[in-house]
Amino acid sequence: MEKKEELVDFVVTARIYKTLLTTKYKNRQIWRKPQTGEVVSTLPGTVVSLEVKENERVEEGQLLLIHEAMKMYNRIVAPVSGVIREINVKEGDKIGKNHLMIKIEV
C-alpha cells in the first residue's frame with residue numbers, strides 16, 4: 001500500500017498555501033542552539049592555524065584559529081572568556097559544517 005503524501009499549510013502575507021515537504025527537508029538535522037563556550041564551524045573548510053592550547057585562559061574576542069572556507073580566511077574568536085577545555089581540531093584538518101572545534105569552560 002502506497003503512503004499518501006500529506007499537504008502542509010503555510011501562510012504568506014495573509015494567504016494560505018499548500019505544499020508537500022521534500023524528503024531532504026524531513027530528514028534534515030534539526031538546528032540546536034550551541035551551548036555557552038562551544039565554538040562550532042558554520043561552513044565546511046580547513047583549519048589553517050591554531051592559536052591556542054588546551055588549559056590556556058582566553059578572553060572574549062581573542063583569536064582562537066584561522067578557518068579557510070570558500071577561499072576566504074575566517075578569524076574565529078572566543079565567544080566568551082574562560083579556559084580552553086577541548087580542542088577537537090589541528091592545523092590542516094578538513095572539517096564539516098557544525099563541527100565542534102573548541103570548547104571553552106566559562
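Owing to the predicted nature of the structure, the values given are computational and were not obtained by experimental measurement. Worth knowing before you read on, the calculation uses all heavy atoms, side chains too, and leaves out hydrogens, waters and symmetry mates.
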Subject >> Hydrophobic cluster partners of Ile84 (side-chain heavy atoms under 4.5 Å) >> reply: Val39, Val47, Leu50, Val52, Val58, Leu64, Leu65, Ile76, Val80, Ile87, Val89, Ile95, Met101, Ile102, Ile104, Val106
Original post:
Is the closest side-chain heavy-atom distance between Gln62 and Glu56 below 4.5 Å?
Top reply: yes
**OP:** Could you list the residues that satisfy side chain to side chain donor-acceptor pair (under 3.5 Å) with Asn98, not counting sequence neighbours?
**Re:** none
Original post:
Rest of the hydrophobic cluster containing Leu20 (Ile/Leu/Val/Met/Phe/Trp/Tyr, side-chain heavy atoms under 4.5 Å)?
Top reply: Leu7
**OP:** List in chain and number order the residues that pass side chain to side chain donor-acceptor pair (under 3.5 Å) with Glu91, two or more places apart in sequence or in another chain; answer none if no residue qualifies.
**Re:** none
Subject >> Pairs touching residues 11-21 that satisfy salt bridge (Lys or Arg N to Asp or Glu O under 4.0 Å), sequence neighbours left out >> reply: Asp9-Lys18
Original post:
Quick one: hydrophobic cluster around Leu63, which other residues, with the 4.5 Å side-chain cut-off, linked directly or via members?
Top reply: Val48, Ile66, Tyr73
Original post:
Does CZ in Arg75 sit with more than 12 non-hydrogen atoms of other residues, nucleotides or ligands closer than 6.0 Å?
Top reply: no
Original post:
Under the salt bridge (Lys or Arg N to Asp or Glu O under 4.0 Å) rule, what pairs show up with a residue in residues 63-74, not counting sequence neighbours?
Top reply: none
Subject >> Those residues that, when tested against Lys26, pass side chain to side chain donor-acceptor pair (under 3.5 Å) (two or more places apart) >> reply: Glu5
**OP:** Kindly check if the number of other-residue, nucleotide or ligand heavy atoms within 6.0 Å of CZ (Phe10) is above 12?
**Re:** yes
Subject >> For Ser81 against Glu59, the heavy-atom pair lying closest together >> reply: OG-OE1, 3.3 Å
Subject >> Qualifying side chain to side chain donor-acceptor pair (under 3.5 Å) pairs with a residue from residues 31-42, counting only residues at least two apart or across chains >> reply: Arg32-Glu38
Original post:
For Glu60, what residues pass the side chain to side chain donor-acceptor pair (under 3.5 Å) criterion, not counting sequence neighbours?
Top reply: none
Original post:
Hey, what else clusters with Leu43 if you join Ile, Leu, Val, Met, Phe, Trp, Tyr whenever side-chain heavy atoms sit under 4.5 Å?
Top reply: Met70
Subject >> Selection residues 95-106 - residue pairs positive for salt bridge (Lys or Arg N to Asp or Glu O under 4.0 Å), sequence neighbours left out >> reply: Arg85-Glu105
